[in-house]
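Working notes, structure below.
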Amino acid sequence: MARMRRRPPLVALLVVFALSLAGASCGSTKAKGARKPVVAGRSVTPSPGPAPAELGPPEVDAPGLASRPGLAAASGRGPRSAVAYRGAVNVPDDLLFFLVIGTDARPGQNVLASRADSIHVVVVDPVTRRGTVLGIPRDAYVDVPGHGRRKINSAMPIGRSDLMVKTVRQLTGFPVQHWAVTGFDGMIRMVDELGGLEVEVTEPMSDKDSGARFERGWHHMDGRQVLAFSRNRHQPDHDFRRSENQGRVILHALEKLRAETSDERGLRAWLGVLFKHSHLDMSLEDSTRFAGLARVLAPGDLTNVVARGTSRMMDGQSVVLLDEQAFALFRDVGGDGVADGDTVRPTPTLSPTATPGPTPAPAPTPSAPTPSSPSPSPTSTFPV
């Protein structure tokens, strides 16, 4: 895939837990006011010939998630309040698109050549600080460029991240540029290194295949439990609910980020875990430059949605045929970043001069150093 001028992803930190759920992309390089209308792909109907055979081995239980009798009792307390954050961040003037891919690679398997177990696009308007977490069912039956109609999850083993990016761009019309990918083991290790995650289970789960056995309520989950929760399929409307649950993990990760990071040092610690256990097409320095924007995004201002469709059996395969509502959703989110039925983006109103971050608390003595903050852009910043 041809590389465009790089812009570091502002939402890398939203998905540090969800990278076994999805991969990354960041916004368009068009000049302000020059955005073109988003053109989403067309509905895909079954072709008269047989469906392509599934790539790779059949789905099996995730490693180390053996079923246990009974349901785990609620053990969490819910998200903690966000701590104060000091700093100023550069603000791009266009929407940002971040594609997150989680493959079903087991330990020892190639993460970049395994099927996509989860696909999400996080879209953010950096000016209004609103956005959408949009899930695409892994069994969506779509046009894979150069390979005909098949499940979207097959794009990774056929052509790795480049083909997945092209497929999502063609399907949604989103200007995807960057990606991040991890597998089951990477997901588990990221969650564990960051001390677990508070996850709300909205209804009892008892799935012997994924290992998800939870009572309703807040749970403090380790990496294996987060993976099990994210892969649970034994629920009504299971294919779509599974993607919705994965989107909720992304938002819970953002809650944790806001409760634990107050400066660039904290952001770099999180990014270090992300880079250690996933594959990205961007540098750590690029990600750090704009990671502060992810830190000031409020989870309540991000809408969690899933592209819908109809499940069918075709030649022994279970596929999802996306419906017209799914393509209307792509146009809606692509227009202004928000799944609200309105495709008109508010006119950006950026400050013409640099605005510093909050004033630090008085130092004990006049000679005490003042905490440093990233250097803001001279033309496009806002206080955080």
Side-chain angles (χ1 to χ4, degrees), residues 21-23 39-62 99-104 114-121 132-159 163-174 203 205-210 212 230-248 304-334 339:
L21 316 177
V39 180
R42 303 296 181 185
S43 295
V44 176
T45 56
S47 59
E54 287 206 63
L55 299 176
E59 180 173 348
V60 297
D61 294 353
L99 174 64
V100 184
I101 304 168
T103 71
D104 62 3
S114 300
R115 290 173 301 195
D117 197 60
S118 173
I119 307 162
H120 285 73
V121 184
T132 300
V133 179
L134 193 158
I136 300 174
R138 65 176 188 171
D139 291 337
Y141 196 61
V142 305
D143 286 315
V144 176
H147 299 276
R149 293 172 179 172
R150 55 176 63 241
K151 290 184 180 182
I152 193 170
N153 68 356
S154 68
M156 284 295 293
I158 293 174
L163 185 58
M164 178 60 79
V165 168
K166 291 177 182 177
T167 301
V168 172
R169 289 190 62 154
Q170 176 174 289
L171 175 69
T172 64
F174 298 158
E203 59 185 353
M205 287 185 176
S206 182
D207 183 355
K208 64 181 180 60
D209 296 325
S210 71
S230 302
R231 303 186 72 243
N232 175 59
R233 298 186 72 179
H234 290 194
Q235 292 175 282
D237 206 18
H238 59 86
D239 283 327
F240 305 104
R241 187 71 61 83
R242 176 175 179 165
S243 186
E244 179 184 335
N245 287 341
Q246 293 164 354
R248 287 175 47 226
N304 181 26
V305 295
V306 179
R308 310 290 290 193
T310 303
S311 297
R312 291 188 185 179
M313 291 297 298
M314 297 178 57
D315 295 307
Q317 297 183 77
S318 176
V319 303
V320 173
L321 301 179
L322 298 179
D323 55 29
E324 288 303 323
Q325 291 184 344
F327 293 98
L329 177 63
F330 297 153
R331 292 188 290 270
D332 178 10
V333 173

Min side-chain heavy-atom separation [X]-[Y] under 4.5 Å:
X      : Y      : answer
Arg312 : Tyr141 : no
Glu203 : Arg241 : yes
Thr172 : Ile136 : yes

Closest approach of [X] and [Y], non-hydrogen atoms and distance?
X      : Y      : result
Arg138 : Arg242 : NH2-NH1, 3.6 Å
Pro157 : Ser114 : CD-O, 3.6 Å
Val144 : Ala155 : CG1-CB, 4.3 Å
Phe174 : Phe330 : CE2-O, 3.3 Å
Thr167 : Pro145 : OG1-CD, 3.3 Å
Pro137 : Phe240 : CG-CE2, 3.8 Å

To the nearest 0.5 Å, tell me how far [X] [atom1] sits from [Y] [atom2].
X      : Y      : atom1 : atom2 : value
His147 : Leu163 : NE2   : CG    : 5.0 Å
Gln325 : Asp332 : CD    : CG    : 12.0 Å
Asp117 : Gln246 : CG    : CD    : 6.5 Å
Ile152 : Leu171 : CD1   : CG    : 5.5 Å
Leu134 : Ile119 : CG    : CD1   : 11.0 Å

Under the rule for side chain to side chain contact (heavy atoms under 4.5 Å, CB included), what residues qualify as partners of Ala212, not counting sequence neighbours?
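Side chain to side chain contact (heavy atoms under 4.5 Å, CB included) check on Ala212 returns Met205, Asp207, Ser210, Phe214, Ala228, Asn232.
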All side chain to side chain contact (heavy atoms under 4.5 Å, CB included) counterparts of Arg248, not counting sequence neighbours
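With neighbours one apart ignored, the set is Glu200, Thr202, Phe229, Asn245, His252, Asn304.
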So does Gly102 get a backbone contact from the side chain of His120, meaning a donor-acceptor N/O pair under 3.5 Å?
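Side chain of His120 to backbone of Gly102: no pair is present.
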Which residue is it: Thr103, Asn153, Asp104? I am looking for the one with a side chain to side chain donor-acceptor pair (under 3.5 Å) to Arg115.
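Exactly one candidate clears the test, Asp104.
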Quick one: list whatever passes side-chain hydrogen bond (donor to acceptor under 3.5 Å, both in side chains) with Ser311, sequence neighbours left out.
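Scan of Ser311 (side-chain hydrogen bond (donor to acceptor under 3.5 Å, both in side chains), adjacent residues dropped) gives none.
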